[in-house]
Enquirer: 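Okay, handing you the structure first.
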Amino acid sequence: MDAKGYSAGRAELRELRDGIKPLEQKLAKLRAVRDKKIAELGGYEKAKADHLATSAGLSVIDVVALVPRLAPETPVSGPVSAPSTDSATEDHVGTRGAAQQVEEPVGVPAPDLSALPPEVEASGEADAEEPGPAGSEETAETPPPSPAPTAAAEPSPVLGGETRELPSIPEGVEGDRWFRAERNLLSQRPNFTQAVRQMAFLDASTGVMVWRGGQVRLELGRASVAEILTAVYATVPVSVERIYITAGDPWHQGADRHEFLRDAVAAWLNGPLPEGWSVESSRGKDRLAGHLVHPRNPVGRWQRGDQHTEIRNVAEWFDPEGADPQVVWLAFVELWKVLREQWSDVVLMGSPSQTGRDLWSRTIPAKAGARWADGYPVMSQEIRGLLHATAGQGRTELISPPRLPATVPGWFEWDRTFAYAKHCWMSGVGVPRRLTAAAFSALSEKEQNNALYAPSHWQVRVTVPDGWDHVGLLPAAAPGERAWHYPHEAGRTFTTWAGGAEVNLALRNPIQPWRIEILDGLVWEKGDPLKEWSTKLKDAWAHLQRWSTAHADEGMRLAYRLASRAVRAILLYGIGTFAQRPKITTGSLELGTGGEVPEIPDGAQLTGITETHVTWQRHAGFARDPYAHPEWAAGVWSAARAALLSTNQSVILERDGRTGKVKVGKGVPAGALHLPAGSILAFRTDAIYSTQRPDWPYSGQPGDYLLKGAMPWEQNTPTNDQEFFDLQGLGRQALEAEGP
């Protein structure tokens, strides 16, 4: 982006600001009317908070804040949800019960791992040299109700004194009941092949469409749903059931008329339909019904008699980089071909997450007598809920003044290549065993070491050592749902949950071991449920990567590059589906003729309002999903966060000139802790941003750090996300300008 584009963008922002302001005022008036009506109905002697909450689309605690007399006389036992951030609730915090003082749990110091031989890398990888490789779209990052804590762990303090308390496992028999498998719920190899859905690829801005039968240019008008369905099915057969939009984002065409992008998407999805068409209501067991209202990657589903179709954004799979529909179609063809070499029954499904889960299920052992041939058990809902509440995903942290000076000597972006693929070689399987502080203390030192090296998840009390001046190592809860920060101040003590890979790293990091006290833990049997799946995907990715540079045709090189990114998305989002977060259903309803807000479904919350529609969402909780394995997702994420701090950059030992396959070994240590203190600017999932440019070799293997941006001159230290993203873009442009 140049200065002219930046100025034009600011002008657009001002227009959006002026358009949003009256809508916010209208929404505020509606909320005031709603609150007044709740207070009025709350005066009825038989009124109940839960009934009013359902009717209003609010939580019970929000209703109690408006009508304090409806609060329960005694604290409600059982799961508790995260505190609401609504301002109305903040004004009535006194209606909640006073905090009870409890005795702090006793911890057991973890053994010193720094002197042991490195059986396992801090990132959770094997040291032995290996041959190199040749969320369910309805889920959301919303935590379930947290299990009720027992003896309260010490809150994780943050600036300003706010905290978000993490749950604990109950003591005694109640906690023991958590350690079980769900009855009659196993991950088993499917005995059927997925049905093939034919696809078309449409540029909604130019009207160019490509499908198996060729290429045409359609007249789409304003690219409404009705116009797209009419134009497409006047050209292609009804056997085409999936339309991918490659450019144009037609669902955003009315964004200037809506307060939120989600409202614009809902209005587009629910627009008028051609005669005979309706929103899809039911399909076979391997299909989904209804729309997914997502601000950038929505999914619309419609039917006409026995005909079914979806409209989706190809950006679910990869950024098309401006490629025309023909190249995008070729990318999907090459993707299918390379996966067909690994899975004879591969079918590309609607999204990479669905495809990833289906391909993984076809690697489950099937040979009679093989370990887990009967299927992988799904843990209890309590353990899954604990992992959802205490196991975060990628590390996102911006380090700004006063921790850093106002200016820094440079900006360098280091991004790990296909990072998650390197952390799938070992995972926990079966029902975990619990190791309380007392049980951990009773183990021999060797058994303690083995437990800390096993797939595990620990509740720990952490003390940052005196003299520590680098970044934080372990996540701690911060205010907000699923928010985390990384305490780093020397001498600070906090209590948190962390994966085994991160605890291991904290105990034997290359600078100074941290003090870790074990309070509680879950330890799984070692297994490799993801190894075959990830190895096949790595082989497919490496093949596509090679051809993305070796093919003589420029269009095919781009197609191979896009296909390789689709493989990355299959693994990345496939891992996310194991987390099986509570599902959120979304929808929209038309306002009454006089602007009256319609009755929304029971248990739903109002999320937006326009001149014509309201949008809502409802938390559906956990489903009985046979593929729910948050322990696998949590283990991969923990190992990836640890590798941001310390790992080994691989080096090629041997390359097969015919196939291109390589054998790799350890190279040099890499990661944030191998850079000087005070040089780290930010973390973003798989990337480090630093003021330094170390000489880390790059072999192109999964997990290797690749330099993606470089500005070796003085920069203003970013203080917010916008400044960060501006520097990120400028750094990538500057490195590209350097040339090879």
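Position 1 is the first residue of the sequence; numbering continues from there. Note that this is a predicted model, so its numbers are computed, not measured.
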Enquirer: Flag the pair Glu525 and Arg433 as a salt bridge only when some basic side-chain nitrogen lies within less than 4.0 angstrom of an acidic carboxylate oxygen.
Expert: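 So Glu525 does not pair with Arg433 through a salt bridge.
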Enquirer: With a 4.5 Å limit on heavy-atom distance, are the side chains of Ser427 and Glu631 in contact?
Expert: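 A side-chain contact under 4.5 Å is absent here.
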Enquirer: Could you tell me whether Arg296 atom CZ has more than 12 heavy atoms of other residues or ligands within 6.0 Å of it?
Expert: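 For Arg296, atom CZ is not crowded (no more than 12 foreign heavy atoms under 6.0 Å).
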Enquirer: Can you confirm whether Leu645 sits close enough to Val471 that some side-chain heavy atom of one is under 4.5 Å from a side-chain heavy atom of the other?
Expert: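 Leu645 reaches Val471 side chain to side chain.
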Enquirer: Taking the six-membered ring for Trp, is the centroid-to-centroid distance between Trp514 and Trp468 below 6.0 Å?
Expert: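 Close enough - the centres of the two rings lie under 6.0 Å apart.
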Enquirer: Is Arg565 salt-bridged to Asp319, going by a charged N under 4.0 Å from an acidic O?
Expert: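 Judged by the 4.0 Å cut-off on N to carboxylate O distance, Arg565 and Asp319 do not form a salt bridge.
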Enquirer: Is the distance between the ring centroids of His457 and Trp497 less than 6.0 Å?
Expert: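 Ring centroids of His457 and Trp497 are less than 6.0 Å from each other.
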Enquirer: Do side-chain atoms of Trp360 reach the backbone of Tyr627 as a donor and acceptor pair under 3.5 angstrom?
Expert: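 No: the side chain of Trp360 does not pair with the backbone of Tyr627.
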Enquirer: Is the terminal nitrogen or CZ of Arg684 (NZ for Lys, CZ for Arg) located under 6.0 angstrom from the six-membered ring centre of Phe724 and within 45° of that ring's axis?
Expert: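 Ring-cation test returns yes.
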Enquirer: Using the side-chain contact (heavy atoms from CB on, under 4.5 Å) criterion, which residues pair with Glu532? Sequence neighbours excluded.
Expert: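 side-chain contact (heavy atoms from CB on, under 4.5 Å) check on Glu532 returns Thr363, Lys536.
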Enquirer: Do Ser456 and Leu522 have side chains that approach each other closer than 4.5 Å (heavy atoms only, starting at C-beta)?
Expert: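 No, their side chains stay 4.5 Å or more apart.
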Enquirer: Between Tyr560 and Gln545, is any side-chain donor less than 3.5 angstrom from a side-chain acceptor?
Expert: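 Absent: no donor and acceptor within the cut-off.
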Enquirer: Under 6.0 Å between the ring centres of Trp414 and Phe683?
Expert: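 When the ring centroids of Trp414 and Phe683 are compared, they turn out to be at least 6.0 Å apart.
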Enquirer: Taking the six-membered ring of Phe578 as reference, does the cationic atom of Arg357 (NZ for Lys, CZ for Arg) lie under 6.0 Å from its centre and within 45° of its axis?
Expert: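 Because its charged atom misses either the 6.0 Å distance or the 45° angle limit, Arg357 does not stack over Phe578.
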Enquirer: Judged by atom type as modelled, is there a donor-acceptor pair below 3.5 Å linking the side chain of Ser690 to the main-chain atoms of Ser679?
Expert: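 Side chain of Ser690 to backbone of Ser679, a donor-acceptor pair under 3.5 Å: yes, one is there.
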Enquirer: Are Glu738 and Lys708 close enough for a salt bridge, meaning some N to O gap below 4.0 Å?
Expert: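 No, this pair does not count.
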